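For clarity, every value in this text was computed on a predicted model and none was experimentally measured. Computed from heavy atoms alone, side chains included, the values below leave out hydrogens, waters and symmetry copies. Lettering of chains follows the sequences in order, A, B, ..., and the numbering in each one begins at 1.
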Protein chains: 2
Amino acid sequence: MSTKDKILDAAEELFAVKGFNGTSLREITSQAEVNLAAVNYHFGSKKELIKAVMSRYMNELAPNLEKALLAVYEKEQIDLKEVFTAFVQPLLSLNQFRENGTSNFLQLLGRGYTDSQGFLRWFLTTQYPNVIAYFVQAVQKAYPELTPEDMFWRLHFTMGTIVFTMSSSDALLDIAESDFEKQLEIEHLIEQVIPYIAAGVAAPLS
Amino acid sequence: MSTKDKILDAAEELFAVKGFNGTSLREITSQAEVNLAAVNYHFGSKKELIKAVMSRYMNELAPNLEKALLAVYEKEQIDLKEVFTAFVQPLLSLNQFRENGTSNFLQLLGRGYTDSQGFLRWFLTTQYPNVIAYFVQAVQKAYPELTPEDMFWRLHFTMGTIVFTMSSSDALLDIAESDFEKQLEIEHLIEQVIPYIAAGVAAPLS
DNA sequence: GTTCAGTTTAAACGTGCGTTTAAAATAGCT
DNA sequence: AGCTATTTTAAACGCACGTTTAAACTGAAC
């Protein structure tokens with residue numbers, strides 16, 4: 001495996017667990033068993049490394065997500081839950097792309113939103129605008145009474161739910177397992193969250 | 001104003017905007033116009049300062065919150081929305097306690113959850129267990145069909161929504177204001193979020 | 001006026017960070 | 001084999017951080 005890939009793999013894992021700010025290049029290169037300077041040689045800077053880690057996933061995920069969301073949009077009648085369910089398969093298929101792919105990616109997403117003040121928001125909206133556009137389209141068609149302003153807020157609330165849940169998903173799953181004494185996986189978490197956010201977005205207008 | 005209070009005020013403001021990790025003691029003491037060493041003299045360490053900032057709010061908030069939640073619990077019939085609405089007055093009254101109190105506190109809450117890996121969760125559950133207990137009690141009475149496991153997940157999702165929304169509330173309100181061309185306040189955000197989380201927690205069981 | 005606990009101050013300490021440097025090692029090509 | 005471009009390496013750089021030190025200052029008590 002190339003030095004570049006070794007760095008990407010180690011960085012992905014550590015970033016997911018400890019956040020971007022909380023992970024040093026020394027930890028990454030130590031876990032990857034490469035020289036410290038290799039990060040700056042291959043990626044230029046820590047910030048570029050973060051982008052590279054995210055891009056590896058987004059380039060895999062975005063086409064699948066766009067396809068799934070468009071498919072939902074084409075339907076005559078859309079249930080809001082279908083819109084959110086459209087995310088499930090593309091996300092779960094990340095497990096075939098990389099080991100622990102789904103969980104790692106979602107955690108990275110969470111880290112990116114809460115760590116480096118808005119950088120990831122910029123990255124996603126500028127680099128992958130179609131995903132967001134198709135998603136909004138589908139929600140609008142499923143729930144046309146929703147005003148743009150209500151939509152704005154509810155989608156941000158939804159983003160918050162996802163992002164927070166996923167960035168602390170390891171801890172949550174641990175607590176839940178010890179509390180309820182059964183083994184839980186990320187799929188279980190996804191199953192739980194979809195009805196919640198679908199109901200939230202579909203809440204009656206005041 | 002005492003040095004201690006000057007430090008607490010400056011720290012609160014900076015922590016809310018830039019997070020705990022993102023704020024250095026030098027920034028705090030510079031804004032407070034006190035000597036750098038004063039933090040360690042008066043508080044012992046940065047971690048203790050963080051606790052002190054949070055405690056100042058929680059000691060004010062916790063009694064009001066407990067009272068409001070107990071009042072809801074005493075009712076014969078509880079609508080879930082009432083449980084969440086019980087938070088509103090105690091939270092808004094923080095604005096009389098300190099300028100920008102509501103917004104600062106909610107942002108701090110968000111920072112605390114996503115910054116320092118679980119420290120705030122420990123702090124809240126051990127130092128203010130009644131708030132959480134009364135809240136769970138009320139939800140349970142409002143929606144008795146909810147199993148403990150479903151309750152567990154939905155309350156964490158709710159926490160995520162609140163915490164994420166509030167930790168980025170300044171940015172969100174800015175975007176919303178420029179998009180919809182009207183002036184928005186934190187109260188507006190609270191109005192929006194309550195139907196969302198109430199519907200989420202009340203979602204039908206699958 | 002002296003004493004003394006409490007407070008403030010400037011300076012320094014040690015540590016860990018991201019990044020840079022320049023030499024050494026490696027791999028590809030003729 | 002010899003040259004060249006790429007990659008790896010050890011070491012150091014400069015900086016910012018939280019914390020500690022010890023001296024200077026303050027204000028009330030006697």
From A/Lys4, A/Arg56, A/Gln31, residue fulfilling side-chain hydrogen bond (donor to acceptor under 3.5 Å, both in side chains) relative to A/Asp9
A/Arg56

Gap between atoms [atom1] and [atom2], on [X] and [N] respectively (whole Å):
X	N	atom1	atom2	answer
B/Ile7	C/dT7	CD1	C1'	11 Å
A/Lys47	C/dG18	NZ	P	14 Å
A/Tyr41	D/dT8	OH	C1'	9 Å
B/Leu49	D/dC17	CG	C1'	15 Å
B/Leu36	C/dT8	CG	P	14 Å
A/Asp5	D/dT8	CG	C1'	17 Å
A/Asn21	D/dA16	CG	P	16 Å
B/Phe20	D/dC17	CZ	P	17 Å

Go through the steps to decide whether B/Phe97 and B/Phe105 satisfy the test ring pair (Phe, Tyr, Trp, His ring centres under 6.0 Å), and finish with yes or no.
CA-CA 11 Å; B/Phe97 177 56; B/Phe105 171 73; 9.9 Å; no

Please report the closest heavy-atom contact between B/Val201 and B/Tyr143, naming both atoms and the distance.
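Smallest interatomic distance, heavy atoms only, reads O-CE1, 3.4 Å.
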
Does OP1 or OP2 of [N] have a side-chain N or O of [X] closer than 4.0 Å?
X	N	value
A/His42	D/dT8	yes
B/Asn40	D/dG18	no
A/Ser24	C/dC17	yes
A/Thr3	D/dT7	no
B/Asn35	C/dA10	yes

Is any side-chain heavy atom of A/Ile197 less than 4.5 Å from a side-chain heavy atom of B/Phe157?
no

Judged by atom type as modelled, is there a donor-acceptor pair below 3.5 Å linking the side chain of A/Lys81 to the main-chain atoms of A/Ala198?
no

Are the side chain of B/Asn59 and the backbone of B/Ser55 linked by a donor-acceptor contact shorter than 3.5 Å?
yes

Is B/Glu60 salt-bridged to B/Arg98, going by a charged N under 4.0 Å from an acidic O?
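Salt bridge: no.
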
Kindly determine whether B/His188 and A/Glu149 satisfy side chain to side chain donor-acceptor pair (under 3.5 Å), including the steps that lead there.
CA-CA 11 Å; B/His188 185 256; A/Glu149 195 182 336; 3.3 Å; yes

Categorize B/Ser2 for me: base, sugar-phosphate, or nothing, with a 4.0 angstrom heavy-atom threshold over every strand shown.
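No contact at all - B/Ser2 keeps every heavy atom at 4.0 Å or more from the nucleic acid.
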
Where do A/Asn100 and A/Ser103 land on the side chain to side chain donor-acceptor pair (under 3.5 Å) test, with the steps shown first?
CA-CA 6 Å; A/Asn100 278 115; A/Ser103 161; 4.9 Å; no

Mark up nucleotides 21-26 of chain C, 5' to 3', with B wherever a protein heavy atom is under 4.0 angstrom from a base atom, S wherever such an atom reaches only the sugar-phosphate, and - elsewhere.
B-----

For DNA chain D, which residues of residues 25-34 of chain B approach it to below 4.0 angstrom with any heavy atom?
B/Leu25, B/Arg26

